[in-house]
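Lettering of chains follows the sequences in order, A, B, ..., and the numbering in each one begins at 1.
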Amino acid sequence: DQQVKQNSPSLSVQEGRISILNCDYTNSMFDYFLWYKKYPAEGPTFLISISSIKDKNEDGRFTVFLNKSAKHLSLHIVPSQPGDSAVYFCAASEYGGSQGNLIFGKGTKLSVKP
Amino acid sequence: GAGVSQSPSNKVTEKGKDVELRCDPISGHTALYWYRQRLGQGLEFLIYFQGNSAPDKSGLPSDRFSAERTGESVSTLTIQRTQQEDSAVYLCASSLQGFGNSPLHFGNGTRLTVT
């Protein structure tokens, strides 16, 4: 049973527009969430994170929103660039980020068209 | 480079053989993780090391899988009597301490193919 779900396997967006990647989770004990980006033949790289005490975290073009009541988070990329084309993984933990494993979703492949 | 290094990058083995995968974490990182990604799937947690001990082995799929870490550095993941369902990309990651303020840094993975 998947605890972290990314229901859209792929997303296509025009360059300059907003990309919105969604993630849902089922475990109410999760209190720390991260987004990773993965290019082919490379390991995932950390993008942005958010603690459950916040509902928004922003870093440049990337913003993560957390809706605890809906057990939903989203990653917004504005403006989208062709170099953003990659697979994006949502991940969650119930240890406040202090230890233990991360539970990953299956990923969403983002394609940004010039 | 200063990143996480994994070897080999690709491994093809016959069913029933044993394989050993190696991970060199970033120097000074106390936490080390093994994940695997099977085709079309997300990243699946296998095992986590804090220093040389493994407080969480809950993700190891069977007793054919084992891992160790020495010198708070190199880790090896061993799969005995490989099966075709073991085919996957095996990813290693390290972090300074957990990942709250120091997120995981992943290597490029070892692609294992069991024929």
Chain A heavy atoms under 4.5 Å from L91(B): which part of the residue, side chain, backbone, both or neither? side chain
So which of P9(A), P44(A), G43(A) has the largest heavy-atom pair count under 4.5 angstrom toward chain B? P44(A)
If you round to the nearest 0.5 Å, how far is CD of E44(B) from NZ of K106(A)? 11.0 Å
Should the heavy atoms of other residues, nucleotides or ligands under 6.0 Å from CD of E14(B) be counted, would the total exceed 12? no
Side chain, backbone, both or neither: which part of Q37(B) has an atom under 4.5 Å from a heavy atom of chain A? side chain
For H76(A), give me all partners under ring pair (Phe, Tyr, Trp, His ring centres under 6.0 Å), at least two apart in sequence or on another chain. F65(A)
Who are the ring pair (Phe, Tyr, Trp, His ring centres under 6.0 Å) partners of F104(A), not counting sequence neighbours? Y36(A), Y35(B)
For K68(A), I'd like to know if atom NZ has over 12 heavy atoms of other residues, nucleotides or ligands within 6.0 Å. yes
